[in-house]
Amino acid sequence: MTPPPESEAGVSSPPGTAGAPAAAVGAAAGPGSVPAHGTPRSRRVLWYALAVLLVGINMRPAIVAVSPLLDEIRHVTGLSNGGAGALSTLPLICFGIFAPLAPRLTRRWGMERTLVAVLAVLLCGTAIRLVPSLFPLFAGTFLVGTAVAVANVVITALIKRDFPQQVGLMSGLHTTMLVGGGAVTAAATVPLRDALSLSWAGGLSVWGVLALAALVVWAPRLRRGREQPPVPAQAGGSIWRSRLAWAVALFYAFQSLLYYTATTWLPSFYIDHGYTEGGAGVLLAVCMGSAMVTSLLVPVWAQRSRRQSYLAVGGTVLCMAAFAGLIAAPVGAAVLWAVLLGLGLGAVLSLGIAYMSMCVRSTHDAGLLSAMSQCVGYLLAAVGPTAFGAARDLTGAWTAGLIALVVLAVPMGITGALAGRGGHIER
C-alpha cells in the first residue's frame with residue numbers, strides 16, 4: 001500500500017499503519033471514500049476510525065472529572081473559589097502553551113508515535129492524582145493538560161490526512177466522542193466514587209482506565225512498520241498572518257472560554273441553588289449530552305454548506321439564551337437551560353474544530369491552524385474559570401459572571417460568522 005504523499009501529511013506514514021486507511025480508501029474509490037462494506041479493507045478503515053475516536057473520548061474525562069468533585073476538593077484541601085478556578089484553568093494554560101509543539105513532534109516522530117506518547121503521559125498524570133493532596137493534584141493535572149494539548153492538534157491533522165472526504169463526519173464523530181466522554185464523566189464521577197467507596201482523588205483517577213484502553217489499542221500499531229524520515233515543513237508565508245486564520249482562532253478562543261467556564265462552575269451553581277452534588281452532576285451531564293446532538297450534526301451540515309456563518313450565529317444565540325435563563329430562572333427551568341446551553345456549546349465547539357480542517361487545503365496546514373487556534377484559544381479561555389470564580393468570591397453571587405458570559409458570546413458569534421464565509425487560508 002502507498003502512504004499519503006509526504007507533501008500533504010507533513011510526515012509520512014509507515015506501510016500498514018497510518019497510511020493504511022488513506023491508501024485503502026484511495027485504491028478503492030478515490031481519496032477519502034469508503035470501500036464496499038464487508039471487504040477486508042473496509043473493515044480495516046472502520047477499525048482505524050474507531051481507534052481515532054477512542055482517542056477523542058479520552059480528551060475530556062480527566063479534566064471534566066474535577067468539576068463535580070470541586071466542592072469536595074475545596075472542602076478537604078481548603079482551596080478558595082479562586083484557587084479552584086486556577087485548578088480548572090491549569091489544563092487550558094497547558095493547551096495554549098504546548099499546542100504549538102505538536103506539529104514539530106509529529107514531523108520528528110510521526111503522528112502514531114506522538115499519539116502513543118501522549119496517551120502514556122495522560123495515563124501517568126491520571127495515576128499521580130491518586131495521591132490525595134494538593135501537589136500531586138496540580139502536578140497530575142499539568143501532565144493531563146500537556147498530553148491533551150498535543151493530542152488535540154494531532155487528531156485534527158490526522159483526520160484531514162486519512163479521511164479527506166469525510167472531514168465533516170469524522171470531525172463530528174470526534175467532537176461527539178469528546179463531548180460524550182465529558183458527559184459520561186460528569187454524570188458518573190460521583191456515583192462511581194460512592195459505589196467504589198473512593199476518596200475524591202480516587203474519583204478523579206478512575207477515568208485512567210480509558211487512557212489505558214486507548215494505549216492498548218494504539219501501541220501495537222508501532223510494530224507494524226517504520227515511519228519514513230520526516231519531511232521539511234511546507235514553504236509559504238506564516239499562517240499567523242492570515243485574517244481567516246485569526247478569525248478561526250478567535251472564534252475557537254471565545255467558544256473555549258464559554259465552554260470551560262460553564263462546565264467548570266455549572267455544578268457549583270446548581271449546588272448553591274439547592275441541588276445535591278449528584279443532582280448537579282446530572283444537570284451537567286444533561287448539558288453535555290445535549291451538546292452531543294449538535295456536535296455530531298453541525299460539522300456534517302458545515303461540510304455540505306458553502307458558508308457556515310449561520311451555524312456559528314445559531315450556536316451563539318443558543319448560548320446567550322441559556323445564560324440569560326440561568327440569571328432569570330435558575331431553578332424553575334434548570335433542565336431547559338442545561339439543554340439549550342449544551343446545544344449551543346456543542347454547535348460552536350464542533351464548528352470550531354471543523355474549521356481547522358475545512359479552512360485549509362493540506363494536512364500540514366490543518367496541523368498549523370489547529371496549533372494556532374488552540375494556542376490563542378486556550379490562553380484566552382484560561383482567564384474564564386479563574387475570573388468567574390473570583391467574581392463569585394467578590395460579589396457573593398453568580399449574576400455578574402453570567403452577564404459577562406452573555407457579553408463575551410457576541411464576539412464569538414462575529415468571529416464565527418467571519419470564519420464561515422467559505423474561504424481557504426492561502427500562504
Side-chain angles (χ1 to χ4, degrees), residues 92 95-96 99-100 152-153 156-157 159-160 167-168 171-172 174-175 236-262 291 294-295 297-323 341 343-362 364-384 404-427:
L92 304 184
F95 291 177
N152 280 336
V153 176
T156 301
I159 288 173
K160 179 71 173 179
V167 164
S171 294
H174 166 65
T175 310
S238 172
I239 202 167
W240 290 79
R241 298 176 182 174
S242 166
R243 292 183 180 180
L244 177 55
W246 274 104
V248 173
L250 290 174
F251 174 65
Y252 195 79
F254 285 113
Q255 72 81 21
S256 296
L257 189 153
L258 265 61
Y259 180 91
Y260 283 99
T261 302
T294 45
S295 66
L297 296 177
V298 165
V300 177
W301 292 338
Q303 190 173 25
R304 293 177 178 178
S305 305
R306 294 186 61 184
R307 296 174 180 268
Q308 296 80 35
S309 299
Y310 72 98
L311 294 170
V313 173
T316 299
V317 170
L318 288 172
C319 290
M320 295 175 73
F323 291 134
L341 182 59
L343 293 174
L345 291 176
V348 294
L349 170 62
S350 60
L351 187 59
I353 292 175
Y355 277 159
M356 296 174 195
S357 296
M358 296 175 60
C359 294
V360 296
R361 300 187 187 277
S362 71
H364 178 72
D365 282 354
L368 293 178
L369 180 58
S370 179
M372 174 186 173
S373 298
Q374 295 186 55
C375 176
V376 173
Y378 289 122
L379 288 178
L380 177 59
V383 177
L405 293 181
V406 173
V407 173
L408 290 168
V410 175
M412 179 180 74
I414 293 172
T415 53
L418 292 174
R421 293 184 296 178
H424 289 90
I425 293 171
E426 304 293 345
R427 297 197 297 123

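Fair warning: this is a prediction, and the values are worked out from it, not measured in the lab.
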Residues Leu405, Leu257; criterion side-chain contact (heavy atoms from CB on, under 4.5 Å); working and verdict:
CA-CA 9 Å; Leu405 293 181; Leu257 189 153; 4.2 Å; yes
Given side-chain contact (heavy atoms from CB on, under 4.5 Å), test Gln255 with Leu345 step by step and report yes or no.
CA-CA 7 Å; Gln255 72 81 21; Leu345 291 176; 5.9 Å; no
Stepwise side-chain contact (heavy atoms from CB on, under 4.5 Å) check, Leu349 with Thr175
CA-CA 8 Å; Leu349 170 62; Thr175 310; 4.0 Å; yes
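Leu343 contributes atom CG, which lies 10.0 Å from atom CG of Leu297 (distance to the nearest 0.5 angstrom). Interatomic distance, His174 NE2 to Thr156 OG1, rounded to the nearest 0.5 Å: 5.5 Å. Distance check: Ser357 OG to Ile159 CD1 gives 6.5 Å after rounding to the nearest 0.5 Å. Atom CD1 in Ile239 sits 7.0 Å away from atom CE in Met372 (nearest 0.5 Å). Residue Ser242 holds its OG atom at 4.5 Å from CD1 of Ile425, rounded to the nearest 0.5 Å. Between the NZ atom of Lys160 and the CZ atom of Arg361 there is a distance of 9.0 Å, given to the nearest 0.5 Å.
Residues Leu379 and Phe95 are not in side-chain contact: their nearest non-hydrogen atoms beyond the backbone lie 4.5 Å or more apart. You'll find the side chain of Asp365 stays beyond 4.5 Å of the side chain of Leu369, heavy atoms only. In this structure, the side chains of Val167 and Gln303 come closer than 4.5 Å at one or more pairs of heavy atoms.
With sequence neighbours left out, the side chain to side chain contact (heavy atoms under 4.5 Å, CB included) criterion links Ala99 to Val153, Gln374. Residues passing the ring-ring contact (aromatic ring centres under 6.0 Å, His included) test with Phe254: none are found, sequence neighbours excluded. Every side chain to side chain donor-acceptor pair (under 3.5 Å) that Ser295 has, sequence neighbours left out, goes to Thr176. Every residue two or more places apart in sequence or in another chain that forms a side chain to side chain contact (heavy atoms under 4.5 Å, CB included) with Ser256 is listed here: Tyr252, Tyr260, Tyr378, Ala381. For Val410, the side chain to side chain contact (heavy atoms under 4.5 Å, CB included) partners are Met320, Ile414, not counting sequence neighbours. When the side chain to side chain contact (heavy atoms under 4.5 Å, CB included) test is applied to Ala302, the partners found at least two apart in sequence or on another chain are Gln308, Leu311, Leu351, Met358. Applying the ring-ring contact (aromatic ring centres under 6.0 Å, His included) test to Trp301 and every residue at least two apart in sequence or in another chain returns nothing.
Residue Leu418 comes nearest to Ala247 through the heavy atom pair CB-CB, 4.2 Å, listed as atom of the first residue, atom of the second, then distance. Across all non-hydrogen atoms, the minimal contact from Ala253 to Val376 is CB-O, 4.1 Å. Residue Pro100 comes nearest to Ala371 through the heavy atom pair CA-CB, 3.9 Å, listed as atom of the first residue, atom of the second, then distance.
Side-chain N or O atoms of Trp246 include one that pairs as donor or acceptor with a backbone N or O of Trp240 at under 3.5 Å. Judged purely by atom type and a 3.5 angstrom limit, Thr294 uses its side chain to pair as donor or acceptor with the backbone of Ala347. Formation of a donor-acceptor pair under 3.5 Å by the Arg307 side chain with backbone atoms of Arg421 is found in this model. Looking only at distances, a side-chain donor or acceptor of Ser309 sits under 3.5 Å from a matching main-chain atom of Ala417.
A donor-acceptor contact closer than 3.5 angstrom is absent between the side chains of Ser373 and Tyr355.
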